[in-house]
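Worth knowing before you read on, the calculation uses all heavy atoms, side chains too, and leaves out hydrogens, waters and symmetry mates.
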Amino acid sequence: IRLLTHAEGVRFREIALLFPSPQTVRTELTRVFSEYGIPCFFDRKIPLRTHPAARFALALLAAAERSDSANIFRLVKNPCFGADPDQTDAFENAALALGTEYGGFFRPFPEDVGEEAEAVRQRLADLLNGAALPARGAARRFADALSAAVADGAGPIEEMIRGLREAGEQAEADFLEQGQSKLETLLSRLGEIFGRTELSVGEFAELVEAGCDAELSLSPSLFDAVTVGDLQSAFFPPVRFLFAGDLQLGFPPAAESGGLLSDRDLAELSEPEALPFDSDYQNAHSRAAADQLLLKPWERAFFCYLPGEGPL
């Protein structure tokens, strides 16, 4: 890596390292890279469902399906709702004291409850009435209503992104930015695919929840560092040079036959329909993902096998 950067002028961000289990080498790799002055970034993935906008969309669907206090409190405490913690605390305390449930959230609180609690209740009623999510309706209607609600609640997320960038937390800011876009795309695609199909609000919520299982990678987009990732599922910006380490003939460990990039694998990969699905599905998926990564048209690739494990 030092030779590439010093002699050939390669940027660190143009280099990626992949390992079968990157966390097992993290401590040693960080120490060695520090000695050689090589900045590195360990790729990690976060499910879309943890994004504030995704949690807001799911909470809105849950509240539309069943407006009990648990679902309502989850919705109003989400940053996309737009109320500060003091307001939501006042609202929660008032609702609990009054025993408010279901339709009670659409009626004004008693005057002695306080302005903060009533302001949150009014905002909640406006949100649910504005979204107008039916008990049952066309998928496109659900998708459009959710997209509009998420767009209206984007302000707090944009503020969080600005704050994170100012603090130098670029990867976390990227996650919030990418997650917002990913959720918008998900809702749009659900609307396109299911269109006029009649669904209950709960059924549409299940579709959104399944889509939110997708993972976003915290990859370094705005600073110069070598990316270290998982050989089976790494995602990173386009790079020119690849180093793959700790390879072995039995990768992944559950494989029953063949070796990563062995002669047999290369022969099988010459026929795309003959990818090695001779073990269980998960193992086959891992092998296919690794093969696709390693056989990309890198400008230069370096494969490092464990002692005695090479394909030759």
Side-chain angles (χ1 to χ4, degrees), residues 47-110 113-157 160 176 179-180 182-184 186-188 190-191 194 197-214:
L48 176 59
R49 67 170 59 251
T50 65
H51 191 282
R55 289 189 283 109
F56 178 67
L58 291 169
L60 180 55
L61 287 168
E65 182 180 27
R66 180 181 172 83
S67 56
D68 60 9
S69 57
N71 286 336
I72 293 296
F73 295 158
R74 189 177 304 115
L75 176 61
V76 301
K77 290 180 179 180
N78 187 285
C80 296
F81 181 78
D84 65 48
D86 289 339
Q87 290 177 311
T88 56
D89 285 347
F91 169 78
E92 182 176 8
N93 290 336
L96 290 173
L98 294 169
T100 307
E101 295 282 352
Y102 306 107
F105 289 108
F106 294 89
R107 295 189 292 272
F109 284 155
V113 164
E115 293 182 359
E116 286 190 333
E118 174 58 20
V120 173
R121 189 212 61 78
Q122 186 60 60
R123 182 191 291 263
L124 169 69
D126 290 344
L127 172 63
L128 292 173
N129 287 328
L133 295 172
R136 189 171 187 85
R140 168 63 75 180
R141 181 176 177 181
F142 286 123
D144 289 347
L146 274 186
S147 295
V150 168
D152 289 343
I157 294 180
M160 292 166 64
L176 289 180
Q180 187 82 6
K182 186 87 171 180
L183 180 63
E184 291 169 3
L186 169 64
L187 294 175
S188 175
L190 288 176
F194 293 95
T197 303
E198 287 263 326
L199 299 171
S200 70
V201 63
E203 289 169 338
F204 190 79
E206 290 177 1
L207 292 176
V208 176
E209 194 163 3
C212 287
D213 283 337

Within a strict 4.5 Å, meaning less than it, do heavy atoms of the [X] and [Y] side chains meet?
X	Y	result
F105	S69	yes
R55	R74	no
Q122	D126	yes

inquiry  = Checking E206 now: which residues fulfil salt bridge (charged side-chain N to carboxylate O under 4.0 Å, His left out) with it, not counting sequence neighbours?
reply    = none
request  = Could you list the residues that satisfy salt bridge (charged side-chain N to carboxylate O under 4.0 Å, His left out) with E116, not counting sequence neighbours?
outcome  = none
Determine the minimum heavy-atom distance between [X] and [Y], stating which atoms define it.
X	Y	answer
A131	L60	CB-CD2, 4.4 Å
N71	A62	ND2-O, 3.3 Å
S67	G103	OG-N, 4.5 Å
P52	P79	CB-CG, 4.1 Å
L207	F194	CD1-CE1, 3.7 Å
L128	A63	CD2-CB, 4.3 Å

Between atom [atom1] of [X] and atom [atom2] of [Y], what is the distance when rounded to the nearest 0.5 Å?
X	Y	atom1	atom2	result
D89	N93	CG	CG	6.5 Å
F204	L133	CZ	CG	9.0 Å
R66	I72	CZ	CD1	11.5 Å
F81	Q87	CZ	CD	9.0 Å
D152	F56	CG	CZ	8.0 Å
F73	L124	CZ	CG	10.0 Å

key: Check against side-chain contact (heavy atoms from CB on, under 4.5 Å), E209 and L58   = CA-CA 7 Å; E209 194 163 3; L58 291 169; 4.1 Å; yes
request  = Apply side-chain contact (heavy atoms from CB on, under 4.5 Å) to L127 and L75, showing your working.
outcome  = CA-CA 10 Å; L127 172 63; L75 176 61; 4.0 Å; yes
query = Run the side-chain contact (heavy atoms from CB on, under 4.5 Å) check on I157 and Q180 step by step: do they pass?
reply = CA-CA 9 Å; I157 294 180; Q180 187 82 6; 3.2 Å; yes
query = How far apart are the C-alpha atoms of R107 and T100, what are their side-chain angles, what is the distance that settles it, and do they pass the side-chain contact (heavy atoms from CB on, under 4.5 Å) test?
reply = CA-CA 10 Å; R107 295 189 292 272; T100 307; over 6 Å; no
query = Is there a donor-acceptor contact under 3.5 Å from the side chain of S147 to the main chain of A143?
reply = yes
